[in-house]
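Accompanying notes for the structure given below.
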Amino acid sequence: EENGMINEIDEWVIRQACQIASKWESNAKVAVNISAKAICHAGVTDTVRNIILETGLSPSRLELEVTETALIHDLNRALHNLRQIKALGISIAMDDFGTGYSSLSLLNSFPFDRIKIDKSFIQAIGQTARADTIFRAVVGLGTALQVPVLVEGVETREQLDFAKAQGCNEFQGYYFGRPVPEAETYAIASGRAQGN
């Protein structure tokens with residue numbers, strides 16, 4: 001971000017992810033993190049639109065993940081760009097929810113398609129009653145807003161069971177698998193029933 005190359009890097013990552021996902025035999029979604037600078041860049045919508053057209057990936061199969069802190073840098077421009085991207089049919093997820101300073105105001109400002117609870121929350125469950133209560137409250141907020149909640153950083157069966165008991169049904173973390181080379185993604189994506 002400091003030397004200005006982040007926009008080109010983000011563009012490359014999104015293009016690579018879309019190219020790979022377009023070859024999967026299923027309709028599994030691919031989620032890509034996008035940086036603060038890129039989401040505030042004036043040409044980001046055109047860039048994403050062009051990538052979708054070039055790769056042939058259905059927009060409904062792409063989800064861009066943005067962090068709260070990314071939005072704080074230039075909230076108005078970021079929200080404007082996100083609305084334009086969402087209008088293309090692309091999903092937008094708030095990543096690392098709960099780690100920034102304005103989570104609730106952001107949820108009120110933009111209709112996110114998914115909330116991703118930061119891994120620090122699931123890793124703290126069972127340690128104190130307070131940690132468990134905070135986790136339940138965040139899940140309850142997503143449920144009340146009718147926004148799916150994905151739990152990041154699930155590493156144990158106990159964490160999975162706790163999250164399921166709170167009503168969560170989307171998870172990611174080492175409990176399910178570690179990062180794999182591109183060649184292995186085809187088999188994984190093809191074996192998924194719903195692409196989550």
Side-chain angles (χ1 to χ4, degrees), residues 1-22 28-55 57-123 138 142 147-153 170-174 178-182 185 189 195-196:
E1 290 190 358
E2 289 179 11
N3 67 18
M5 292 181 62
I6 193 64
N7 291 336
E8 289 81 6
I9 293 171
D10 275 342
E11 181 178 346
W12 180 85
V13 170
I14 294 168
R15 181 173 281 107
Q16 288 294 112
C18 290
Q19 284 175 344
I20 291 167
S22 69
K29 267 191 173 185
V30 62
V32 181
N33 292 90
I34 189 165
S35 71
K37 291 226 174 172
I39 204 59
C40 293
H41 188 266
V44 68
T45 304
D46 290 335
T47 298
V48 173
R49 180 188 297 111
N50 291 338
I51 290 171
I52 289 293
L53 291 172
E54 289 169 22
T55 62
L57 185 74
S58 169
S60 64
R61 293 186 54 210
L62 177 61
E63 180 170 277
L64 294 181
E65 300 179 355
V66 295
T67 63
E68 303 169 67
T69 50
L71 299 178
I72 292 170
H73 291 296
D74 188 346
L75 182 61
N76 291 333
R77 181 178 290 276
L79 292 178
H80 173 75
N81 289 345
L82 287 174
R83 286 186 182 101
Q84 288 186 327
I85 291 169
K86 190 173 169 69
L88 298 174
I90 296 166
S91 300
I92 307 292
M94 181 186 285
D95 198 13
D96 300 335
F97 182 79
T99 60
Y101 300 103
S102 58
S103 303
L104 299 180
S105 65
L106 288 174
L107 287 179
N108 191 43
S109 302
F110 186 81
F112 288 95
D113 297 292
R114 182 177 326 309
I115 298 171
K116 297 183 70 176
I117 299 179
D118 185 70
K119 66 181 180 179
S120 61
F121 290 97
I122 193 68
Q123 291 171 351
V138 172
V147 179
V149 175
L150 182 145
V151 183
E152 296 181 302
E170 295 186 21
F171 316 92
Q172 70 182 53
Y174 287 162
R178 296 194 177 263
V180 297
E182 176 186 340
T185 65
N196 289 328

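Distance check: I34 CD1 to N7 CG gives 8.5 Å after rounding to the nearest 0.5 Å. Taking CD1 of I6 as the start and CD1 of I39 as the end, the distance is 12.5 Å to the nearest 0.5 Å.
When all heavy atoms of R61 and A21 are compared, the closest pair comes out as NH2-O, 2.8 Å. Nearest approach of A17 to V30, heavy atoms of both residues: CB-CG2, 3.9 Å. Contact detail for T55 and C18: the closest heavy-atom pair is OG1-CB, 3.6 Å. Counting all heavy atoms, side chain and backbone alike, V66 lies closest to F112 at CG2-CE2, 4.0 Å.
Applying the side chain to side chain contact (heavy atoms under 4.5 Å, CB included) rule to S22 yields the partners L57; only residues at least two apart in sequence or on another chain are considered. Under the side-chain hydrogen bond (donor to acceptor under 3.5 Å, both in side chains) criterion, Q84 pairs with T45, H80, not counting sequence neighbours. Every residue meeting the side-chain hydrogen bond (donor to acceptor under 3.5 Å, both in side chains) condition with D10, not counting sequence neighbours, appears here in chain and number order: S35. R49 pairs by the salt bridge (Lys or Arg N to Asp or Glu O under 4.0 Å) definition with D46, not counting sequence neighbours. Applying the side-chain hydrogen bond (donor to acceptor under 3.5 Å, both in side chains) criterion to T67, with sequence neighbours excluded, gives T69. Not counting sequence neighbours, K37 has no partner by the salt bridge (Lys or Arg N to Asp or Glu O under 4.0 Å) test. A search for side chain to side chain contact (heavy atoms under 4.5 Å, CB included) contacts involving E152 returns D95, D96, K116, D118, K119, L150, Q172, not counting sequence neighbours. With sequence neighbours excluded, no residue forms a ring pair (Phe, Tyr, Trp, His ring centres under 6.0 Å) with F121.
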N/O donor-acceptor pairs under 3.5 Å from side chains in residues 85-94, not counting sequence neighbours:
residue : atom : partner : partner atom : Å
K86     : NZ   : P111    : O            : 3.3
K86     : NZ   : D113    : OD1          : 2.6
K86     : NZ   : D113    : OD2          : 2.9
S91     : OG   : K29     : NZ           : 2.6

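Contact of the L62 side chain with the V48 side chain is registered, since non-hydrogen atoms from C-beta on lie closer than 4.5 Å. The shortest side-chain heavy-atom distance between T47 and I14 does not fall under the 4.5 Å cut-off.
Applying the salt bridge (Lys or Arg N to Asp or Glu O under 4.0 Å) test to residues at least two apart or on different chains, the pairs with a partner in residues 11-21 are E11-R15, R15-E54.
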